[in-house]
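The shown structure was predicted, so the numbers you read here are calculated from the model rather than taken from an experiment. Chain A is the first sequence line, chain B the second, and so forth, proteins listed ahead of strands; every chain is numbered from 1.
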There are 2 protein chains.
Amino acid sequence: MKPKPGRTADDAISRSAVPLLDDEDGIGAAHAEDRRFVWALARGLEILRAFGPEHTALSVGRLSTMTGMAKPTVSRLTHTLAALGYLRVVDKRGHYAPTPAVLTLGYPVLSALKVQDAAAAPMQEMAEATGCLVGMAARDRLSMVFAQCAPPPWLATLRLGTGSRVPMATSALGRAFLAGLGEVERDFLFGRLALRHGVEWEALGPRVADGIAQVSARGFCIVDGEWQRDVRTAACPLVTAHGVMALMAGAPGYTITNETLENEVGPRLVALAAKLSPLIGS
Amino acid sequence: MKPKPGRTADDAISRSAVPLLDDEDGIGAAHAEDRRFVWALARGLEILRAFGPEHTALSVGRLSTMTGMAKPTVSRLTHTLAALGYLRVVDKRGHYAPTPAVLTLGYPVLSALKVQDAAAAPMQEMAEATGCLVGMAARDRLSMVFAQCAPPPWLATLRLGTGSRVPMATSALGRAFLAGLGEVERDFLFGRLALRHGVEWEALGPRVADGIAQVSARGFCIVDGEWQRDVRTAACPLVTAHGVMALMAGAPGYTITNETLENEVGPRLVALAAKLSPLIGS
DNA sequence: CAGATGCGTTTCGCTAGGCAACACAAAAAC
DNA sequence: GTTTTTGTGTTGCCTAGCGAAACGCATCTG
């Protein structure tokens, strides 16, 4: 851990055209000797990241154990976030919860993707026609994060929406995304995924590769029950000016057959991707 | 933004149950003497906030002038945000743009509000029935930020969506929100608004008060062309377990009359609010 | 082609913030 | 009621990050 002046490996990564990430969980060892890296900011964002559908309100101590930071540190960061309006205190015991202010942070992305005007209508249309939940997602670290989601009116079991995440390796969305990527980035992510999934990658890796092969063969891939039991999904890559993303359509197993997914939903998804691809981005 | 001596009131404010804000633009003089306040985090978030629909990609120098921070500081913060995956470099000239990763920050709020399951369907239904864009919003500083937005399929002119913002004083949404607030907070925000709008508040203030009176009288208020020319909007407060929010329905002037807004859309909006109110929150 | 301008990054002194340990308040257990 | 547990907010100490000015490195300009 000697001060190494000039360029570090992280520097090269962060400068590359594709901003490649650190490890999935935690910001621990990465950027250890990057003099330009601002830890306070990283830690503060890690606090915001700790909240999720399962944990809508958290105390300082809980955040401390979850993130691995010292309590006083967490206390100051939550205090700061509260003063800025991103968090608020929800009870006497000092539980913090995110406020709608955090939504403004995501807005520039959604507007840049022109999701609101261009993509929403055709996605909603397809959702109603096929009975599938139709979603558009991009990569964040080793997950896919939804930018837009069109649920069919009657389907309430699949709880996904803007900002929610699914794992890259076990979802159709993630495999379609990988299929849309260039050689270099795909290999890089494969390495990361292998690292993350450890020994089970031996069985998982070939299935991911198979998904990619499916995309090469017919434009989309299918995952049946692998990400969540009884959820069938088709997905295809979506290459735009803003980078590679992916489209997916899925439904509970009892509302759709693999044949329908294969013969109707999949091709329709590919058509939708072709239609949206030039519209997205400036 | 120099450290300003003297005890500030912000500390007390930020500790109160209702986390009331600092001034709208910039984080300048606020929290000057607060020892628990982490500036690095505040500055980093200010960087993210600087992006918007108008500025989807910004250079270090531009960010520096926009936020008032020194260039090296901005450089480090953007470097950090890029390393964390929230920003990426979009061209050779070093312009930064937000990535979909920022969407994950907003997700806990959306899931806590149960927007995806509970609110989306009835809002969409009303949008299609009335031809209005229907939206749900909460306060951020002195703006209202959309948590959910249901556009009617054919309407493409109103560009609003999750995370977008409208001013509090000149929008029906903001006035309805103020009407739903308690005495103390409303007075506080009135003070802030007066401060912000300066001399024109003399004319604006009474119109805001009139909006609140409208809500008291019939449950909703109407703004015709005041926020944007040729946009007519009705809005009503939405009191939930997560705090006060507001619902709105609006359309371009040439697609809807004030009578329709008054007699059909407004009452329907109030009914929608009554229906959603118990559903939102845990 | 030399000089000039604009832009992003680096150097370095100084200050703010992270860490460890302690002190304290409130529930929960007994 | 006392103790235990859990959890938050304060102190010294030292590292990490902020800011002013200097530095490389492009592109303009005559």
Inset, instruction - Measure the CG-CG distance between Leu77(A) and Leu63(A) for me, rounded to the nearest 0.5 Å. - result: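 One gets 9.5 Å once the value is rounded to the nearest 0.5 Å.
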
Inset, instruction - State the CH2-CE distance between Trp39(B) and Met69(B), to the nearest 0.5 angstrom. - result: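 Taking CH2 in Trp39(B) and CE in Met69(B), the distance rounds to 10.0 Å.
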
Legend entry - Pairwise 5' ranking along DNA chain D for Ala40(A) and His95(A), keeping only the more 5' one: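 Nearest nucleotide further toward 5': that of His95(A).
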
Measure the distance from [atom1] on [X] to [atom2] on [N] and round it to the nearest whole Å.
X: Trp39(B); N: dT15(C); atom1: CH2; atom2: P; result: 16 Å
X: Phe37(A); N: dG18(C); atom1: CZ; atom2: C1'; result: 15 Å
X: Arg62(A); N: dG7(D); atom1: CZ; atom2: P; result: 9 Å
X: Arg43(B); N: dT15(C); atom1: CZ; atom2: C1'; result: 11 Å
X: His79(B); N: dC18(D); atom1: NE2; atom2: P; result: 12 Å
X: Lys71(B); N: dC25(D); atom1: NZ; atom2: P; result: 17 Å
X: Met69(B); N: dG19(D); atom1: CE; atom2: P; result: 9 Å
X: Leu41(A); N: dG18(C); atom1: CG; atom2: P; result: 11 Å

Under-4.0 Å side-chain N/O to phosphate OP1/OP2 contact, [X] with [N]:
X: Arg76(B); N: dC18(D); answer: yes
X: Ser64(A); N: dG7(D); answer: no
X: Ser59(A); N: dG7(D); answer: no
X: Thr73(A); N: dC19(C); answer: yes
X: Arg36(A); N: dC18(D); answer: no

Legend entry - Proximity to the side chain of Pro72(A) - top-ranked nucleotide from dG8(C), dT10(D), dG18(C): dT10(D)

Inset, instruction - Ignoring the backbone of Val60(B), work out which of dG8(C), dT8(D), dG17(D) is nearest its side chain. - result: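 In terms of side-chain proximity for Val60(B), the closest of dG8(C), dT8(D), dG17(D) is dG8(C).
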
Within a strict 4.5 Å, meaning less than it, do heavy atoms of the [X] and [Y] side chains meet?
X: Phe37(B); Y: Leu84(A); result: yes
X: Val244(B); Y: Glu185(B); result: no
X: Ile47(B); Y: Leu58(B); result: no

Inset, instruction - With heavy atoms under 4.0 Å as the rule, sort Gly61(A) into base, sugar-phosphate or nothing. - result: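 Sugar-phosphate: the residue Gly61(A), judged by heavy atoms under 4.0 Å, touches backbone atoms but no base.
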
